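Just so it is clear, the model here is predicted, and its values are computed rather than measured.
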Amino acid sequence: MSIPTPVNAPTRATQTGPSQTGDTLLDVRGLSCPLPVLKANRLLRDLAPGQRLRVLATDRASVADFQSYCRETGHALVAFSEENGQFSFVIRRKNPTIQA
């Protein structure tokens, strides 16, 4: 799948709502660490358990950042791809832990 390169990289994140796959889409292309993960974290808090967030990024550091973020928070990094310097991450929101 090819993601078109924007003429001018965005200066802030854009949430475009459900994508063609039904995932919520967050476009953070042009933003640097730690902003992609911080903006994704903010959106994931509002998603229902099991819902998915697709993040588009251009920051190479976001690969390690999202892997660490998912490992630490319990969200699942279900897909990752890279094409022409653009990264796509699909993260499934974790189910909340039931505390007694």
Side-chain angles (χ1 to χ4, degrees):
M1 167 172 51
S2 177
I3 302 169
T5 305
V7 175
N8 295 316
T11 56
R12 62 187 180 92
T14 305
Q15 179 184 357
T16 60
S19 67
Q20 294 173 349
T21 60
D23 301 338
T24 299
L25 180 62
L26 175 65
D27 185 350
V28 291
R29 293 177 288 185
L31 298 182
S32 298
C33 175
L35 291 175
V37 169
L38 292 175
K39 294 191 179 286
N41 182 54
R42 180 176 288 161
L43 272 179
L44 280 163
R45 280 188 263 154
D46 295 333
L47 295 180
Q51 280 190 302
R52 295 174 6 152
L53 174 65
R54 180 169 179 234
V55 182
L56 303 177
T58 50
D59 182 18
R60 199 160 276 292
S62 64
V63 175
D65 291 346
F66 278 110
Q67 290 172 341
S68 294
Y69 170 76
C70 289
R71 196 171 35 253
E72 291 176 20
T73 61
H75 300 305
L77 182 58
V78 295
F80 159 73
S81 64
E82 185 270 334
E83 187 174 322
N84 299 323
Q86 295 189 58
F87 303 94
S88 174
F89 305 92
V90 178
I91 302 167
R92 185 177 56 242
R93 190 184 190 297
K94 68 178 178 180
N95 288 321
T97 351
I98 299 172
Q99 297 178 350

_For Val55 and Val28: C-alpha separation, side-chain torsions, deciding distance, then whether side chain to side chain contact (heavy atoms under 4.5 Å, CB included) applies._
CA-CA 7 Å; Val55 182; Val28 291; 3.6 Å; yes
*asked:* Assigning hydrophobic clusters by single linkage (Ile, Leu, Val, Met, Phe, Trp, Tyr; side-chain heavy-atom cutoff under 4.5 Å), is Leu43 placed with Val78?
replied: no
*Drop me the distance from Lys39's NZ to Asp27's CG, to the nearest 0.5 angstrom.*
11.5 Å
*Inter-residue atom distance Leu53.CG - Arg93.CZ, 0.5 Å rounding*: 11.5 Å
*Does any non-hydrogen side-chain atom of Ile91 lie less than 4.5 Å from one of Cys70?*
yes
*Mind jotting down which residue pairs meet the side chain to side chain donor-acceptor pair (under 3.5 Å) criterion with at least one end in residues 66-80? Sequence neighbours excluded, please.*
Asn41-Tyr69, Ser68-Arg71
*What about Leu77 and Leu44, same hydrophobic cluster or not, with Ile/Leu/Val/Met/Phe/Trp/Tyr joined at side-chain heavy-atom distances under 4.5 Å?*
yes
*Taking all atoms of both residues into account, what is the closest heavy-atom pair of Gly30 and Thr58, and its distance?*
N-OG1, 2.8 Å
*Return the minimal non-hydrogen interatomic distance between Pro49 and Asn95, and the atom names on each side.*
CB-OD1, 3.1 Å
*Write out all pairs satisfying ring-ring contact (aromatic ring centres under 6.0 Å, His included) with one or both partners inside residues 42-67, taking only residues at least two apart or from two chains.*
Phe66-Phe89
*Please round to the nearest 0.5 Å and tell me the distance separating atom CG of Leu35 and atom CG of Asp59.*
9.0 Å
*Which value, rounded to the nearest 0.5 Å, describes the distance between Thr24 atom OG1 and Leu47 atom CG?*
5.0 Å
*Calculate, to the nearest 0.5 Å, the distance between atoms CZ and CG belonging to Phe87 and Leu56 respectively.*
12.0 Å
